[in-house]
Amino acid sequence: MTDPAVKVDRLEKTLQTNKVLRGISFEAAAGEIFGLLGPNGAGKTTTLRVICTLLAPDAGSVGVLGHDTRMAPQEVRRRVGVVTAEFGVYPRLTARENIAYFAELSGVMDGELNRKVDAVIERLDMSSFARQRAESLSSGQKQKVAIARAIVHDPPVLMFDEPTSNLDVLASREIREFMVESKGRGKCVIFSTHVLHDAERLCDRITIIHQGRVVANGKTEEVRGKYRDLEDAFLSLVEAAT
């Protein structure tokens, strides 16, 4: 693998009195879908929040395309887009206004703002509802707004944190197809999920974490190993680490 797009090195994080991360390390590359897997409470979301600078690490380091999250958080934010299960759209703003607001927060300059917003609306086929208030949109439409605001600044690193958990079958499929498309465009895609069937189909490499520690790391087929599928391997690895 070439120089990683995202490098997590011996990361530790305590929230209140709970030590959520206990020295985890992994690397994710451009042009791949990297799976971050683990049971609920394993530390997946905390890890992603550290990567996108919402949380500061207690120990260890995180680099995004050579920029340290503590030393250069603004540079990291310009290079990362995040899609979560919670849409988090502002209900009284239109879909377009939501996208434009996040574009400004991500450093898109006024001269480029309208062009970039229009381009992402066209790319995601959102023209029919772009001027509707978010409160009137369906779940699938809100998820498109969430994706659009994450990619409007064209970040090289995209992170998806349980993105399909609130979606129906059709909307979930669109998310998966978008991740594959992003990989094809050379993006580093980090996919955090507990839907192991999706991970097995989509991920080039995976890291499994449990109770804040890495219990497996490598190519998906290598982690699956002798087991029938990734779910069986996952259960065995987690039980052995408990």
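Ion pairing between a basic and an acidic side chain is recognised when a charged N comes within 4.0 Å of a carboxylate O; Asp229 and Arg224 show no such pairing. With respect to the salt-bridge test (charged N to carboxylate O, under 4.0 angstrom), the residues Glu221 and Lys219 do not qualify. In this structure, Glu12 does not pair ionically with Arg22, as no charged nitrogen and carboxylate oxygen lie closer than 4.0 Å.
Between Glu174 and Ile147, the closest side-chain pair of non-hydrogen atoms is not below 4.5 Å. Put simply, the side chain of Ser236 reaches to within 4.5 Å of the side chain of Tyr227, judged on heavy atoms. Phe160 has its side chain within reach of Val189: a pair of non-hydrogen atoms, C-beta onward, lies under 4.5 Å apart. Proximity of Pro155 to Arg79: side-chain heavy atoms (C-beta onward) are nowhere separated by under 4.5 Å. Residues Ser25 and Val8 have side chains not in contact (no heavy-atom distance under 4.5 Å, counting atoms from C-beta outward). Residues Phe191 and Leu36 form no side-chain contact, since every pair of their non-hydrogen atoms from C-beta on lies 4.5 Å or further apart. Looking only at side-chain heavy atoms (C-beta outward), Leu202 and Met179 come within less than 4.5 Å of each other. Between Lys44 and Ile209 there is a side-chain heavy-atom pair separated by less than 4.5 Å.
For residues 148-160, the side chain to side chain donor-acceptor pair (under 3.5 Å) pairs, not counting sequence neighbours, are Asp154-Lys187. Each salt bridge (Lys or Arg N to Asp or Glu O under 4.0 Å) pair with one or both residues in residues 50-72, not counting sequence neighbours, appears once here: Lys13-Asp58.
No continuous path of hydrophobic side-chain contacts links Leu105 to Val152 [ILVMFWY only; heavy atoms under 4.5 Å]. Criterion: ILVMFWY side-chain heavy atoms under 4.5 Å apart, direct or through other members. Under it, Val62 and Val157 are part of a common hydrophobic cluster. Connection of Leu65 to Val82 is established within a shared hydrophobic cluster, with ILVMFWY side chains joined at heavy-atom distances below 4.5 Å, either directly or through further cluster members.
Asp161 and Thr45 form a side-chain donor-acceptor contact under 3.5 Å, judged by distance and modelled atom types alone.
Listed by chain and number, the residues in a side-chain contact (heavy atoms from CB on, under 4.5 Å) with Gln132 are Phe129, Ser136, Leu137 (sequence neighbours excluded).
The minimum heavy-atom distance between Cys188 and Ala28, with the atom names listed, is SG-CB, 3.7 Å. Smallest separation of non-hydrogen atoms from Met126 and Lys144: SD-O, 3.9 Å. Listed here is the closest heavy atom pair of Ser182 and Leu158: OG-CD1, 3.5 Å.
Remark: the backbone N or O of Gly60 is not paired with any side-chain donor or acceptor of Asp9 at under 3.5 angstrom. Thr14 places no side-chain N or O within 3.5 Å of a backbone atom of Thr17 that could act as its donor or acceptor partner.
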Result block: side-chain N/O donor-acceptor pairs under 3.5 angstrom for residues 46-54, not counting sequence neighbours:
| residue | atom | partner | partner atom | Å |
| --- | --- | --- | --- | --- |
| Thr47 | OG1 | Gly43 | O | 2.8 |
| Thr53 | OG1 | Arg77 | NE | 2.7 |
| Thr53 | OG1 | Arg77 | NH2 | 3.4 |

Enumerate, atom names and distances included, each donor-acceptor pair closer than 3.5 Å involving a side-chain atom of residues 110-124, sequence neighbours excluded.
| residue | atom | partner | partner atom | Å |
| --- | --- | --- | --- | --- |
| Glu112 | OE1 | Arg115 | NE | 3.4 |
| Glu112 | OE1 | Arg115 | NH2 | 2.4 |
| Asp118 | OD1 | Arg96 | NE | 3.4 |
| Asp118 | OD1 | Arg96 | NH2 | 2.7 |
| Arg123 | NE | Glu181 | OE2 | 3.3 |
| Arg123 | NH2 | Glu181 | OE2 | 2.8 |

Self-check item: Residue pair Arg176, Asp198: steps toward the side chain to side chain contact (heavy atoms under 4.5 Å, CB included) verdict
Solution: CA-CA 8 Å; Arg176 293 192 298 270; Asp198 284 350; 3.5 Å; yes
I'd like to know whether Asn40 forms a side chain to side chain contact (heavy atoms under 4.5 Å, CB included) with His194, so could you lay out the CA-CA distance, the side-chain angles of the two residues, the decisive distance to 0.1 Å, and finally the verdict. CA-CA 8 Å; Asn40 288 338; His194 62 264; 4.1 Å; yes
Q.
If you apply the rule side chain to side chain contact (heavy atoms under 4.5 Å, CB included), what do you find for Val83 with Met159, and how did you get there?
A. CA-CA 6 Å; Val83 179; Met159 299 193 298; over 6 Å; no
Please step through side chain to side chain contact (heavy atoms under 4.5 Å, CB included) for the pair Met109 and Glu104, ending with a clear verdict. CA-CA 7 Å; Met109 306 302 291; Glu104 291 182 87; over 6 Å; no
Item to complete: Test Glu32 against Arg205 for salt bridge (Lys or Arg N to Asp or Glu O under 4.0 Å), laying out the working first.
Response: CA-CA 8 Å; Glu32 76 168 357; Arg205 294 184 308 110; 2.7 Å; yes
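In the displayed structure, Arg201 atom CZ is contacted under 6.0 Å by more than 12 heavy atoms of other residues, nucleotides or ligands.
Note: Tyr90 and Tyr101 meet the aromatic proximity criterion, with ring centroids under 6.0 Å apart.
Summarising the hydrophobic clusters (Ile, Leu, Val, Met, Phe, Trp, Tyr; side-chain heavy atoms under 4.5 Å, direct or chained), the residues clustered with Ile208 are Leu37, Leu196, Ile206, Val215, Val223, Leu230, Phe234, Leu235, Leu237, Val238.
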